[in-house]
Q: 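Before I ask anything, here is the structure I am working with.
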Amino acid sequence: MRQLLDAALAKRAPLRVPGTDALRLIDGDGDGLPDIELEDFAGNWLLSTRDREVPREMGTWLRDQGRSVYWKRLDQQQKESPARLSGPPQEEPFTAHEGGLAFEISFQSGYSQGIFLDQRDNRAELRSRLKPGMTLLNTFAYTGAFSVYAAAAGATATTLDLAQPYLDWAKRNFELNGFDPAAHYFCKGDTFQWLARFAKQGRKFDGIVLDPPTFSRDKEGKVFRVEKDYGRLAELAFACLAPGGFLLASTNCRTLPPRAFEAQVRGIAKRAVKTRLAPMPTDFTGEAYLKSLWVDPA
Ligand SMILES: C[S@@+](CC[C@H](N)C(=O)[O-])C[C@H]1O[C@@H](n2cnc3c(N)ncnc32)[C@H](O)[C@@H]1O
């Protein structure tokens, strides 16, 4: 097992570029270590296991690294905060970096730690597409990582999420990077309602990010399921796209095949579009669960 663990780390060495210290180090089957994931956030490691204990040999290997290692059991519905497994206790919150930008990280915040590493390449592409003066609508924004990249490109970001604590976290991420949150927009509430409102107001954006949870239920109990409802979501988003604008439609729904997802979004576009399914970042060596579709005018 030690060989597999060392090989997984060595494979990621080229991704350790200046300005990026957050990586997936082990990705389950992709590294010959089923149901084990390990992520590095600025030298603090978060181990996740599904339906299994930490193998003894791995526990020893982790201790030998001298890192602060926390352990999250994915079989507990992700409800419990990760527990310290080895190394020194980690101060909370702390900062990790990606693309030269800083992000607040917390292992104890419940749902997730503050940034989804599987969207790294999409964030980089988003930044390269946006120019000063352009506008981005980041829906289902969580802690606003896409918005911070938009601000870094000189664009104005509208960050939309159901949860006020995540919007507050997003504002702190702006501040961490020296961007004034007051120069951007933050909207609390349901993406569907906001998109309908923007469309009615004739408000258009140069780029829109859609990255909904696979399943969600709003305050009124209304359910959203990716397989069934993504088309409706994309239709609302298309109505808010400026001429020449782009859409990033993303989902981590494992049961939805990439081509079916692409067809669903293309089918709803009601305009000539070209689409490209983007691969996952290379540190995600396991199942390619994340589907990312870039949609541009044809
Ligand atoms: C999968 S995370 C999005 C990750 C984010 N796109 C990123 O890359 O960091 C889902 C987010 O959607 C929010 N959310 C769930 N249902 C929502 C809804 N109907 N409208 C707006 N936000 C919603 C949750 O609060 C959560 O922050």
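All values below come from the heavy atoms of this structure, side chains included, with hydrogens, waters and symmetry mates left out. Remember, it's a predicted structure, so these values are computed and weren't measured experimentally. As the structure lists them, so they are numbered: ligands from 1, and atoms in each ligand from 1.
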Q: Quick test: of every protein heavy atom, which one is nearest to atom 23 (C) of ligand 1, and how far off is it to 0.1 Å?
A: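 Looking at atom 23 (C) of ligand 1, the protein heavy atom closest to it is F140 CD2, 3.4 Å.
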Q: Taking the non-hydrogen atoms of F116, is any one of them nearer than 4.0 angstrom to ligand 1?
A: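 Judged by the 4.0 Å heavy-atom criterion, F116 does count as contacting ligand 1.
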Q: Would you confirm whether Y70, through its side chain, and Q90, through its main-chain N or O, come within 3.5 Å as a donor-acceptor pair?
A: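 Present.
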Q: Can you tell me which residue and heavy atom of the protein come closest to atom 20 (N) of ligand 1, and the distance to 0.1 Å?
A: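 Nearest neighbour among protein heavy atoms for atom 20 (N) of ligand 1, to 0.1 Å: T191 N, 2.9 Å.
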Q: Show the atoms of ligand 1 that are less than 4.0 angstrom away from any heavy atom in G189.
A: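 Every atom of ligand 1 under 4.0 Å from some heavy atom of G189: 20 (N), 21 (C).
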Q: Quick one about N138 and T159 (side-chain donor to acceptor, distance below 3.5 Å, no hydrogens or angles considered), yes or no?
A: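 Absent: no donor and acceptor within the cut-off.
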Q: Is the NZ or CZ atom of K270 positioned over F238's six-membered ring, under 6.0 angstrom from the centre and within 45° of the axis?
A: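 Because its charged atom misses either the 6.0 Å distance or the 45° angle limit, K270 does not stack over F238.
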Q: Knowing that exactly one of F41, Y289, Y142 qualifies, which makes a ring-ring contact (aromatic ring centres under 6.0 Å, His included) with F116?
A: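 Single ring-ring contact (aromatic ring centres under 6.0 Å, His included) partner of F116 among F41, Y289, Y142: Y142.
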Q: Below 4.0 angstrom, N of the basic side chain to O of the carboxylate: do D6 and K11 qualify?
A: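 Salt bridge absent between D6 and K11.
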Q: In terms of atom number and element, which parts of ligand 1 are under 4.0 angstrom from non-hydrogen atoms of P213?
A: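 Every atom of ligand 1 under 4.0 Å from some heavy atom of P213: 10 (C), 12 (O), 15 (C).
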Q: Counting only N and O atoms by type, is there a donor-acceptor contact under 3.5 Å from the side chain of N173 to the main-chain atoms of E104?
A: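 Answer holds: yes.
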Q: Show which atoms of ligand 1 fall inside a sub-4.0 Å distance from at least one heavy-atom site of D190.
A: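 Checking each atom against D190, I get 18 (C), 19 (N), 20 (N).
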Q: For ligand 1, which atoms sit closer than 4.0 Å to a heavy atom of F146?
A: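 Those qualifying, in numeric order: 8 (O).
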Q: Does Y166 approach ligand 1 within less than 4.0 angstrom via side chain, backbone, both or neither, non-hydrogen atoms only?
A: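 The side chain, only.
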Q: Is the distance from the ring center of F174 to that of H184 below 6.0 Å?
A: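 Between F174 and H184, the centre distance is under 6.0 Å.
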Q: When you measure from the side chain of D190 to the backbone N and O of Q193, does any donor-acceptor pair fall under 3.5 Å?
A: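 Yes.
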Q: Which residue owns the protein heavy atom closest to atom 2 (S) of ligand 1, what's the atom, and how far is it?
A: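 Result: Y111 OH, 3.5 Å.
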Q: So which heavy atom in the protein is nearest atom 22 (N) of ligand 1, and how far is it from that ligand atom?
A: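 Residue, atom and distance for the closest contact: L162 N, 3.2 Å.
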Q: Specify the protein heavy atom at minimum distance from atom 26 (C) of ligand 1: its residue, its atom name, and the distance to 0.1 Å.
A: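 Going by distance alone, atom 26 (C) of ligand 1 is nearest to D161 OD2, 3.5 Å.
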Q: Please could you name the atoms of ligand 1 that S216 approaches to less than 4.0 Å, counting only its heavy atoms?
A: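 Once the distances to S216 are compared, the set is 16 (N).
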Q: List the atom of P281, the atom of L117, and the distance in Å for their closest heavy-atom pair.
A: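 So the two residues come closest at CG-O, 4.0 Å.
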Q: Distance to 0.1 Å, residue and atom name: give those for the protein heavy atom nearest to atom 4 (C) of ligand 1.
A: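 Answer for atom 4 (C) of ligand 1: D211 OD2, 3.4 Å.
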